[in-house]
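Quick notes on the structure that follows.
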Amino acid sequence: MLQNDIKIAWRNLRSQRLFSTIKIGGFAFGIAVSLLIALFVQHELSYDKFYPEADQVFRLVGVAKQDNIIRKGISMPAPTGPTFQAEFPAVESTGRMLSNPLFGAGSNQLSTNENPENFADNGFTYVDQALLDMLPLATVFGSLPRALDEPNSIVITKSKAEKYFKGDPIGKIIYLNNDKEKPYKINAVIEDVPSNSHLYGFNFFMTLSGIDFYPGEQQNWVASNYATYIKVKKGTDTELLAKQLTKSYINDHYIPAILQAGMQVNPVLNSARLVLQPLEKIHLYSTDINDYKIETQQRGDIKVVWIFAGIASFILLIAVINFINLSTANASSRAKEVGVRKTIGSSKKALIKQFITESLLYSLISVFLGIAISFLLLPLFNNLADKTLHIPWDSWYFLPAALLAAAGLGLLSGMYPAFVLSSFKPIAVLKGNVSPTSGSSNFRNGLVIFQFATSIILIIGTLIINQQLNFILNKDIGFNKDQVLVLHGTKTLGNQAEVFKDELSNIPSIQSVAISDYLPVNIDGSKRNGNTFNLEDTQQVETSKGGQFWIVDKDYISTFGLHLMAGRNFNMDIASDSTAAIVNQRMVRELGIKDPIGARITNGNSYTIIGVVEDFIFGSLREEGLDPLCMVIGGSNSLISVKIKAADATQTLRDISNIWTKFLPQQQIQYSFLDEGFASLYNDVQRTQGIFTAFAIITIFIACLGLFGLAAYTTAQRTKEIGVRKVLGASVSRIIQLLSFGFLKLIILALLIATPIAWWAMQSWLQDFNYRIEVEWWVFALTGGISLFIAMGTICYHALRTARMNPVKSLRDE
């Protein structure tokens, strides 16, 4: 009997190729997109769970309330971890990581004994051996335990070992930035950090053993630079431990260190506390934690995960709805079949079984076609989402899950059409009278409203995200980022940096050149720091302000187009400018300086203000992006910025490359454009925009298939009515209007439902940005127009076809 049902289902599939293709195609696309999003969600939720005893590992996060704003950070003083391990038995081990370019992490030029050529590479970070013990990876060469115990030791990943060495590299030496006085010895090679680790992107783990970045740094409780991890013993009450750690940190160590340094205690400490952030939550729950985007190469957001999961559910639901609508739309063509089968004795149960079998066949084909489509779309999706996802072909659960999904979706989507089709009255259907009940009609209309409401929300989201992205990229941020070329890896120039700069300045198409690692845009290699500033004569804690301290050269202001509001620029002919400073307006306001020129400020060293620049944004536009800033003259030459005139950029690059080769013949030139670097800071917004656009297009496509089915169903039901109207003189345009009006009402209702939901959702999303657009009415009007246009285009095929039909054909049975 089942074999017979399958044969009939297959024959129906082949005999109704248009409907079958649309049903299977829409279903398959919905399944494909849902599968891709499911892979993304599964990957995001899997971060750091593969580490052994991951539930015992935590990262320290400092939380404090300042100016009515909750601020969170992971930078801790160097002795924090070792001290906690010594003081608290519940702390099994601690490990630190320092990834700030300020100390030589991030990007570097790498050479070896065997090959003196410098290669630009990134992913350098300093770590304690204990951190690698907490978060171990399989060892390819050498032994991971104790690999970083020696000073100047390093652990590298497998891919980097294969890139720079042949065979076993244990004991080999690498140099960074031509510093032959500090050779790094390779003691272990580990597997590449998995893409679902929050340490993904790090490839070179340099030891912290024996390092003092400045005298006394490892015992200094006032300077905070390290991300600190702790592993607790099983069964530890982490909330109680966090309170104990807070008390020890603030009362026993931090405040005494401040007082010993002759500083006053900041009242902010009254609200400060330490939090133990679980390892498994670092990736998705750190968007409000400041780490200058250097401690983690790539951060996720749990809100994005849930949004994508919701979109996947909606798309799959829309695909099911589309299947139901198309199945019931095709009811009139199956009505006589049902009537004949009932007349010759088929029971309702047998008919339901037949239609469920048919639905399962469609579902099975759709699921496996959807898997094939997802496989083809996966490279594009990986590019959009910046992931390296793959379909788990070799997993034991994949095939059973696919079969179970096919069965579940087949039953879910086939039940309603099966009951509708099997309930037709034999006499009525054999006479051609197939009319829907009011309830079923309302149900189908509700499905169409749901489909288009979802589509409208995604269209509105796409438009608003695009607006916000354009707003960010084109906002006046107070400096000129266009036509600025940044040369990377120039630290290897050593004392030739100034000579190199002079030769670049002689190129006619170059306007100015600046040597500084502190760029207004926080791109790869750009440094950030944190200092506390006071007026020299008023070092009260109430007047202390945190800010940035940048080392620049005399051409920095002109290269980046900063605007001097008062005073003058640096002048190397004036000896006193070695202790001079140029500050921004924010520094003047924060310190309450009435007459800034000539005023003296201190961050431990004293500087005389000679100029004030207009405030410019050098942080993320998600936040204010602006802190007090003090710029001084000095050496910081890992990056050199070149302002190019509006001329032939290609020839200018050739000229720069020629000079580069003259100075650094064993190092390839590496450069980037500042405006592109600025845009890359918002890659996540661009990815969200791309994914929303793709989802919107797919959702509209599937929704239109559902509308196509409902239009086919409705026009089939009103064929005789249209015939009568045509006999009585109704025009084609009037009939099209008649058939379309009901659908237009559904789309308008969907728009009315979707508009407030989309407005609320996008307002919530925009709250993540300090600088943001206002949501305007025309976005909703445009979306409504697009939706109506798409809907009318879908409906008109059936409406026009029915309106042009010869009334004799539709009335021949009357």
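The first residue of the sequence shown is numbered 1, and numbering continues consecutively from there.
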For this session: May I have all residue pairs that pass salt bridge (charged side-chain N to carboxylate O under 4.0 Å, His left out) and include part of residues 173-194, sequence neighbours excluded?
Result: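 Sorted result for residues 173-194: empty, none.
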Exercise. Would Phe500 and Val513 satisfy side chain to side chain contact (heavy atoms under 4.5 Å, CB included), going step by step from the backbone distance to the final call?
Worked result: CA-CA 10 Å; Phe500 178 77; Val513 182; over 6 Å; no
Kindly state whether the ring of [X] and the ring of [Y] have centres lying under 6.0 angstrom apart.
| X | Y | answer |
| --- | --- | --- |
| Phe103 | Tyr126 | no |
| Trp550 | Phe618 | yes |
| Tyr229 | His198 | yes |
| Tyr607 | Phe549 | yes |

Do [X] and [Y] pair up side chain to side chain, a donor and an acceptor below 3.5 Å, judged on atom types alone?
| X | Y | result |
| --- | --- | --- |
| Arg622 | Thr287 | no |
| Ser107 | Asp524 | yes |
| Thr94 | Arg96 | no |
| Thr125 | Ser99 | yes |

For this session: Quick one: sort the Phe308 and Phe40 rings into parallel, tilted or perpendicular, breaks at 30° and 60°.
Result: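 Answer is tilted, since the angle falls between 30° and 60°.
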For this session: Find out whether Asp121 and Asn108 are in side-chain contact, i.e. whether some heavy atom of one side chain is under 4.5 Å from a heavy atom of the other.
Result: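 Result no, sub-4.5 Å side-chain heavy-atom pair not found.
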Problem set entry | Ile551 vs Tyr556 side-chain heavy atoms within contact, under 4.5 Å |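 When only atoms from C-beta onward are counted, Tyr556 and Ile551 do not touch, as no gap falls below 4.5 Å.
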Exercise. Pick from Lys281, Lys72, Gln277: which one makes a side-chain hydrogen bond (donor to acceptor under 3.5 Å, both in side chains) with Ser286?
Worked result: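 One option only clears the test, and that one is Gln277.
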Heavy atoms of other groups near [X] [atom1], more than 12 under 6.0 Å:
| X | atom1 | answer |
| --- | --- | --- |
| Arg586 | CZ | yes |
| Lys163 | NZ | yes |
| Lys491 | NZ | no |
| Asn113 | CG | yes |
| Lys158 | NZ | no |
| Glu87 | CD | yes |
| Gln767 | CD | yes |
| Tyr671 | OH | no |

For this session: Using side chain to side chain contact (heavy atoms under 4.5 Å, CB included) as the criterion, point out the one residue from Thr246, Val63, Ile289, Leu60 that pairs with Val275.
Result: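 Exactly one pass, corresponding to Val63.
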Problem set entry | Qualifying ring-ring contact (aromatic ring centres under 6.0 Å, His included) pairs, either residue in residues 137-162, two or more places apart |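 Output for this query is empty, none listed.
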For this session: Verify side chain to side chain contact (heavy atoms under 4.5 Å, CB included) between Tyr164 and Ile174, making sure each step is shown before the conclusion.
Result: CA-CA 10 Å; Tyr164 295 111; Ile174 63 175; over 6 Å; no
For this session: Evaluate salt bridge (charged side-chain N to carboxylate O under 4.0 Å, His left out) for Lys231 paired with Glu92, printing each intermediate quantity in order.
Result: CA-CA 5 Å; Lys231 183 179 180 182; Glu92 188 174 301; 3.6 Å; yes
